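Below you'll find the structure, written out as structure tokens, and then a few comments.
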2 protein chains.
Amino acid sequence: MYFFTMTMPDETTEAAWTKLMRAQDRALSHVEAALKDAGFPPLAWYDVLLEVERAGKSGIRAIDLQQKLLLPQYGISRLLSKIEAAGYISRQLSAEDGRSQEIVITATGRQLRRRMWAVYGPAIEQAVGCKLTPSERKTLTGLLEKLTSPPADT
Amino acid sequence: MYFFTMTMPDETTEAAWTKLMRAQDRALSHVEAALKDAGFPPLAWYDVLLEVERAGKSGIRAIDLQQKLLLPQYGISRLLSKIEAAGYISRQLSAEDGRSQEIVITATGRQLRRRMWAVYGPAIEQAVGCKLTPSERKTLTGLLEKLTSPPADT
DNA sequence: CCTATTTAAATGCAAATGCATGTAATTGGA
DNA sequence: TCCAATTACATGCATTTGCATTTAAATAGG
């Protein structure tokens, strides 16, 4: 038999929670704004292009993208439609699985990704890199990593 | 005369950026899901109710809420409409400034905030508190605080 | 081999969001 | 005092998102 206490957070937890929300919002806003100012599509496009580019010639299935990018199924579906319509990727039916599709990056897609990185990279540097020392960045990464660890059950 | 280098992020910066995005997404999703599962409105409602409650009898102006919560002007405007329609706050015209309104929490609003906290608190504890030691939480908070510091110009 | 279940992806519809603009009150010159 | 600029807030419209459902293909069980 178990007693389980629905423990309330202490001040250090509340503070960490709040700062996490604020810091992420700030950093993300900065990056999204930089992309938009430069006339580029949203960050999500970059993430897709990067993964699809990494997948190489054989491409990647939508469902695998979905898992990598942690987006809902309909989110990926519609995102791919837009990126395809813009000519940066192509979707071709999978030979093995008729339900599936292989997504491949196009030449202009590769180009767009590269040009976006020229804005995205410095924006990350401004939002995160230059605010912390290398050792602080490692510490931060380690602590955030712990937060991402599998949720304690129930 | 200045030379300015658009520096690219190193691996530690990229890692910190990525983890920040992931960890925040995880934590926020967990909390939002907990609230939704319990039949409560989104987190933003809580934030509003808390600030309005803190403001006490005299209330708080929409624009002050806007600054505290870092939401766009139209976001606050519509959010307040919904929360008011649900009966948790009341908006009354300001005596001093005819453009402005004083927002005050209602009894049921106070009650809702308290009931939400019973879910929100433990959810934060699960998402953040129990994953880190108190000293780690303090370190994390400090590092995130640095990220929120004013942006380096241009 | 045939049907029930599961899986991959698309989509209709309603709600939420972003952007630009509108309205009304206040402030700040000249 | 009068009018232009600013400030506080609301809202129309287009886009995006979330949810539930649909379609079509693959798999599993008998």
Side-chain angles (χ1 to χ4, degrees), chain A residues 21 25 28-37 39-48 51-52 55 58-86 89-104, chain B residues 21 25 28-37 39-48 51-52 55 58-86 89-104:
Chain A
M21 296 301 120
D25 182 72
L28 181 58
S29 300
H30 179 256
V31 168
E32 290 280 19
L35 289 173
K36 172 174 270 199
D37 287 353
F40 288 125
L43 190 50
W45 288 44
Y46 183 89
D47 294 333
V48 167
E51 288 304 329
V52 175
S58 58
I60 185 176
R61 295 184 308 158
I63 195 164
D64 296 328
L65 262 179
Q66 187 182 324
Q67 291 175 190
K68 278 190 187 285
L69 305 184
L70 300 177
L71 287 180
Q73 181 270 320
Y74 56 81
I76 286 287
S77 174
R78 290 199 270 230
L79 190 50
L80 292 177
S81 294
K82 284 176 208 159
I83 302 180
E84 184 188 32
I89 59 171
S90 76
R91 292 201 265 192
Q92 44 207 53
L93 291 178
S94 164
E96 304 144 12
D97 187 332
R99 296 164 301 181
S100 202
Q101 45 190 249
E102 304 294 338
I103 295 139
V104 178
Chain B
M21 295 301 119
D25 183 72
L28 182 57
S29 299
H30 179 256
V31 168
E32 289 281 18
L35 288 173
K36 173 175 269 198
D37 287 354
F40 287 124
L43 192 49
W45 287 44
Y46 183 90
D47 295 333
V48 168
E51 288 305 330
V52 176
S58 58
I60 184 175
R61 294 184 310 158
I63 195 165
D64 296 327
L65 262 178
Q66 187 182 323
Q67 290 175 190
K68 279 191 186 282
L69 305 184
L70 301 177
L71 287 180
Q73 182 269 319
Y74 56 81
I76 286 288
S77 174
R78 291 201 270 229
L79 189 51
L80 292 178
S81 294
K82 285 175 209 159
I83 301 180
E84 183 188 30
I89 57 170
S90 76
R91 293 201 263 193
Q92 43 208 55
L93 291 178
S94 165
E96 304 143 12
D97 188 334
R99 297 164 300 180
S100 203
Q101 44 191 247
E102 305 295 339
I103 296 138
V104 178

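What you see is a predicted model, and the numbers here were worked out from it, not measured in a lab.
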Looking only at heavy atoms, the pair that brings Ala62(B) and Ile103(B) closest together is N-CD1, 3.6 Å
Could you tell me how far apart Ile60(B) (CD1) and dC9(D) (P) are, to the nearest whole angstrom?
10 Å
side-chain hydrogen bond (donor to acceptor under 3.5 Å, both in side chains) partners for Asp97(A), two or more places apart:
Arg99(A)
Protein heavy-atom contacts under 4.0 Å, written 5' to 3' over nucleotides 1-8 of chain D as B (base), S (sugar-phosphate only) or - (none), form the string ------BS
Mind checking whether Pro42(B) and Glu32(B) have side chains closer than 4.5 Å, heavy atoms only?
yes
For Ala55(B), side chain to side chain contact (heavy atoms under 4.5 Å, CB included) partners two or more places apart:
Ile60(B)
Heavy-atom distance under 4.5 Å between the side chains of Arg61(A) and Gln101(A), does that happen here?
no
First and last nucleotide of DNA chain C, 5' to 3', lying under 4.0 Å from heavy atoms of chain A
dT7(C) to dC19(C)
Do any pairs count as a side-chain hydrogen bond (donor to acceptor under 3.5 Å, both in side chains) and have a residue in residues 65-81 of chain B, sequence neighbours left out, and if so which ones?
Ser81(B)-Arg91(B)
Here the residues of residues 72-84 of chain A within 4.0 Å heavy-atom distance, strictly under, of DNA chain C are Gln73(A), Tyr74(A), Ser77(A), Arg78(A)
Counting the atoms with a prime plus P, OP1 and OP2 as sugar-phosphate, which does Glu32(A) contact under 4.0 Å by heavy atoms, base, sugar-phosphate, or nothing?
nothing
If the condition is side chain to side chain contact (heavy atoms under 4.5 Å, CB included), which residues does Asp25(A) pass it with, not counting sequence neighbours?
Ser29(A)
Residue pair Val52(A) / Ile83(A), side-chain heavy-atom distance below 4.5 Å
no
With sequence neighbours excluded, tell me which residues meet side chain to side chain contact (heavy atoms under 4.5 Å, CB included) with Glu96(A).
Ser94(A)
Check side chain to side chain contact (heavy atoms under 4.5 Å, CB included) between Ala44(A) and all other residues, then give those that pass, not counting sequence neighbours.
Leu79(A)
